[in-house]
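In what follows, every chain begins at residue 1, and chains take the letters A, B, ... in the order their sequences are listed.
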Amino acid sequence: MELSKNYIPTEVETKWYSHWVEQGYFHSTPNDKPAYTVVIPPPNVTGVLHMGHCLNNTIQDILVRRARMQGFNPCWVPGTDHASIATEAKVVAMLRERGIAKSSLSREKFLEYAWEWKEKYGGIILQQLRKMGCSLDWERTSFTMDPDYYQTVIGVFVDLYKKGKIYRGKRMINWDVRAKTALSDEEVIYKEVNGKIYELKYRLDLPGEEYISIATVRPETILGDSAICVHPDDKRYTHLVGQFAFVPLINRRIPIIADEYVEMDFGTGALKVTPAHDMNDFQLGQKYNLEIIDTMNDDGTLSEAATRYIGEDRIEVRKKIVQDLEVAGNVVSIKDYTHQVGFSERTDAIVEPRLSLQWWVDMKQLAAPALEAVMTDEINFHPAKFKNLYRHWMENIKDWCISRQLWWGHRIPAWYDNEGNVFVAESLEKVYENYPETKGKNLHQDNDCLDTWFSSWLWPFEVFKGLSNPNNAEVNYYYPTSTLVTAPEIIFFWVARMIMAGEEYMGKIPFKDVYFTGIVRDKQGRKMSKSLGNSPDLLGLIDQYGADAVRFGIMIASPAGNDLLFDESTLEQGRNFNNKLWNATKLLKMWEARQNKEGSIPEDAQFAMDWFQAKLNATQNTVDELLKQFKLSEALKVLYALVWDDFCSWYLEWIKPGFEQPMHAAVYEKTVTFYDSLLQLLHPFMPFITEEIHHTLKTQTEDLCVKAYTSFGEVDESVLKAGQLLQNVISTLRDARNKNQIKPKDAIELHIQTENNKPYQTIQNILAKQINASAIQYTQGSVASSIVVALEKDKFYIVANQAIDTAGLKVNLLKDLAHQQGFLASVEKKLSNEKFVQNAKPDVLAIEQKKKADALARIQTIEESLAQL
RNA sequence: GGGGGCAUAGCUCAGUUGGUUUAGAGCAUCUGCCUUACAAGCAGAGGGUCCGCGGUUCGAACCCGUGUGCCCCCA
C-alpha cells in the first residue's frame, strides 16, 4: 500500500467518526462497569462553535475517551440550553426582517415562531461537535425545554415556593420604555453622549434664604427625590446633615443625610437621592429607609406621583422642567457634559432604571451545604485557587432574581386575581384545586419567564430524569456525575447553583471534580468575542489543519485555570505532529517489507528495545499521574516529547538498519507494538489519526477507540541511565563535530579513554552510527592530532581529516572549566557553612557532597585535556 | 466601590511540603545539513536582575510584608 507524502485528515476524520457512531461506542447504558459520567455544559441553542467550546469540549472528550479505555462505562450527555434572552433576541430579529413586530403578536403566536426557529436553526453546534470528534452519547441529547424538563422546572418553582424559598420583591431593573420590558444587563449598550449637567439649588428649611446645590444630568427626576446626601467628612456640609431642604417647584420637604458613598469632588459634593430611578440611589434608599417615589409610567411618561407634567414623555419634560426651574430661579449653571448613557440593544431607546416586582429565590439555606461540599473537598476544584473565590461568594450570597420579562422560556407558574392576590401551582387547574378561594374567579398567569439558569441548575440529574422520574435506574447509576468541565466565569451562575440543586433535590452533590478551563483570548490578550470579531472560524481551522491538529493546538498551551492566548502557530505545530506520526508510519511500513527472520536479535537493537520499553513504562506512569491531577496540557507535552524525541529521534534511529538492509523480524514486531502503545496513549488527545494509524500499521481486530489500556510494567532504571549516557555522548560528540566544522558526511575515528569500557561496548554500534564514526577504539592515554572532548570522567578523542582548531577547543574547555569551578565554589560555600551542616537533612547533605566530588572529578578531566592540547 | 487572580527566556508556560549539578520545556531565533520516513524535516547552539524593594532562614523563583503593572468577576 502506497501512503501519501503527508497526512490528509479530512476523509480519515469523516470515516472514523461515522464508524465509531455506527459501532455504538459512544452510547452508554447502565452495566457492571463503574460509570464515568460527564454532562456537557449545554451551549446556547443559538450558539455556533467558538474557541471556548473547542477548548471545553476537547477537554471533556479527552477525559471521556480515556475513561473508556480505562474500562469505565463512560456517558457523556449532549444537549442545549434554551437561552431565553439570546434566543428571544434572535427570533425578534428574524421577525423584524420579515416585517413583523413582536408587539403585534400574541404570546402563543410568538412562541410558535420561536419553536419554528429553534427546529430550523437551533443546535447547529451539536453537529459541529461531531467534527471535533467528541464522543457524545447522541441518543441522550437533551434540551432544557423538553416537555419533561419543562415540567420539572415548573415543579421546582412550586416546590421552593411552598417551602418559602421563593418570594416576590422589588428590584431596580433596566427598563426599555419602547418595548415596555425589562432588559438584562447584556442588552444595554452604553454610548458616550454629549449632554448637559445642571447645577440646581434647593432651598433649605432654615430661617433665611439659604440653599444647597446639587448637580444632575437628569433634572426631570427631581420630582422623585427623597433626600440629599453628602459625604460625612465634607466640612462644607457638616452643619446641614440632619436638616431638611425643599424639592424645587413642588416644595416637598426632604432630609439631608450623610453617607460615604458620595464623592466629595464630584459636582457640588451634594447628591440628590431618587430611589425609584437610579440603581445606587435605590440602595441608599434601602439603607436609610427613604420614601420611594416612582414618577414614571411604563411607557416613559410621567406618572401621577410626579404631580406635574403627568402623561408627558420624560425627554420632553427635561426641556420643560429646566425652563420652569430657570423661571423659579433654581438653576445655578448649565454646562456641557459628556457621559455614558445606556441604550436598549433592541429598540435603541434610552434605558430607564425602574423599580419592578420580581420573583426571588432565598439563597441563604440553599448555599450552606453547597459551600461545605467544596470546602471539605467532597467536590474538588481544579485548580484549587477557585475555592477562595467560591467561598467568598457563598458566604456573602445575595438572593437570586429569577424572573425575566421574556416569553421564550419556562413561564412562571403564578396566577393573579384582579385584586392582585398570587396563587402558585403547576397549572391553572391545580390553582383552582389547591386554592378554593379562587373558585369562579378570573385569573391570569404571570407574563414573565424564569431565568435560564433556573433550568440549567437541574441539568446534571434531570438529563437522567432524576426528578421527573425519581430513583430511576439511570439516575441511580449515572448520578453523581464524575467531572464537570466549565469556564470560571460561570462558577456562580451555574456551578454553585448546580451544587445547591443537587443537594436539595438528589440529596447528593452533582459531581466530584470541577475542572475550570481558562478564557480563550487573542494574541493581544483580548477576550474573544463576536463584537470584536477576533474569534477565528473554527470549522475553517478544522478544514485547514484537521481536527486532531486543532485539538492538539488548543490543548498544548492551556494549563488548567490559566487563560489561553490563542495563536494559530500551535495548530501548525499540531499539524506537523500529525505529519510526524504519519512519516513514522511510512518508515515502519517500509521496514515491514524488509524483514529478516533468521539469526538472533543484534545486541544494539536489543539495547534500544530495552531502553524504549523502560522509557515507555516510565512515561505511562507520568502521564497517569498528570491526568489524575487534571494537568492535561502537561500530559500532552510529555507524550509529544515521547513520540517525537524518544521514539522518532532516538529509538527509530538506533534500530534503523543500514542502507537497504533488512530488519530482524522480532525487532520490527516489537517496534510496531511500541508504536501502537504510543498511539493508544495519544488517542484521547488526537482520536482520528491514532485510529487511522492503528489500522494502517497492521490488521487489527479491535478499534483503538475501545481498546483497553494494559497496566504498565516495571521501569528498569539502569537501562534508562545507560540510554541517558548514550544520548549525552552522542550530543556532545555531535556538538564537537559541529564546532570543528566536520562535514556530516565525513566519517571520524573515535578513541575513548575511560576507566570502564563496559558501558560503551554495549552501545558501541549505535554510537558509531549516530556520530558517523568509522571506528571506535579504547585508549589509555591521549591520541595525537585529535579533538579532545571531556564528559563526566571520560575523555573522547576525535580523529578526522580536518585541521584542528586548537584555539577554539581551548576556549570551549576553559568556558566549561570556569562553569565547573563556579559551581564547585557555591557547593563548597554551603558545605563550609557550619549551620548548614548542622541543620540540613542528611540526604541533602549527601547530595551536596556528591556534587562536590563530581565537580572535582570533572575539573580534573578538563584540566588534563587542556594540558594535552 | 467590593472580591479574586497573575507577574520566571522574544512568546506560551513547568518548576511538587524552601536544598535535585550556580533555573527547565515547547514555540520562535541563529548555525550547519536536500543524510536512504519526514525541509510541515535532521543535527547543534545561543538566550533569564525568576517584576522592584524589604523581611524570615544556614539556604528563597518558592514563605511573609510592601510597591508597581496587567487581568477577571460582582455592583
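Residue Lys656(A) is classed as a base contact, given a heavy-atom separation below 4.0 Å to a base. At a threshold of 4.0 angstrom between heavy atoms, the contacts of Asn396(A) with the nucleic acid are absent. Asn833(A) comes within 4.0 angstrom of sugar-phosphate atoms only, judged by non-hydrogen atoms across all strands, and of no base. Here Asp735(A) lies in heavy-atom contact (under 4.0 Å) with sugar-phosphate atoms only. Among the atoms of the strands shown, none is found under 4.0 Å from any heavy atom of Thr570(A). Heavy atoms of Gln283(A) sit under 4.0 angstrom from primed sugar atoms or phosphate atoms, though from no base atom. Across all strands, Thr585(A) comes closer than 4.0 Å to no nucleic acid atom at all (heavy-atom distances). When heavy atoms are screened at a 4.0 angstrom cut-off, Lys5(A) is found touching the sugar-phosphate backbone but no base atom.
Remark: Lys631(A) is in phosphate contact with rG15(B), judged by side-chain N or O atoms under 4.0 Å from OP1 or OP2.
Taking 4.0 Å as the cut-off between side-chain N and carboxylate O, Lys793(A) and Asp854(A) do not count as a salt-bridged pair.
Shown are Phe647(A), Tyr668(A), Phe612(A); of these, the ring-ring contact (aromatic ring centres under 6.0 Å, His included) with Tyr675(A) is made only by Phe647(A).
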Bracket notation of RNA chain B in which parentheses pair within the strand, [ ] cross earlier pairs, and | pairs with another strand (Watson-Crick or G-U, under 3.5 Å) = (((((((..((((.....[....)))).(((((.......))))).....(((((..]....)))))))))))).

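The base of rA43(B) has none of its N or O atoms less than 3.5 Å from a complementary donor or acceptor on the side chain of Glu653(A). The base of rA43(B) is not paired with the side chain of Arg734(A) by any donor and acceptor separated by under 3.5 Å.
Here rG44(B) is the nucleotide among rC42(B), rG19(B), rG44(B) with the atom lying nearest to any side-chain atom of Asn738(A). Nearest nucleotide to the Glu634(A) side chain, out of rC27(B), rA14(B), rU21(B): rA14(B).
Aromatic ring pairs are classed by plane angle as parallel below 30°, tilted from 30° to 60° and perpendicular above 60°; the pair Trp494(A) and Trp453(A) is tilted. Taking the six-membered ring for Trp and thresholds of 30 and 60 degrees, Tyr640(A) and Phe577(A) have ring planes more than 60 degrees apart, a perpendicular arrangement.
Asp281(A) places a side-chain N or O within 3.5 Å of a backbone atom of Thr274(A) that can act as its donor or acceptor partner.
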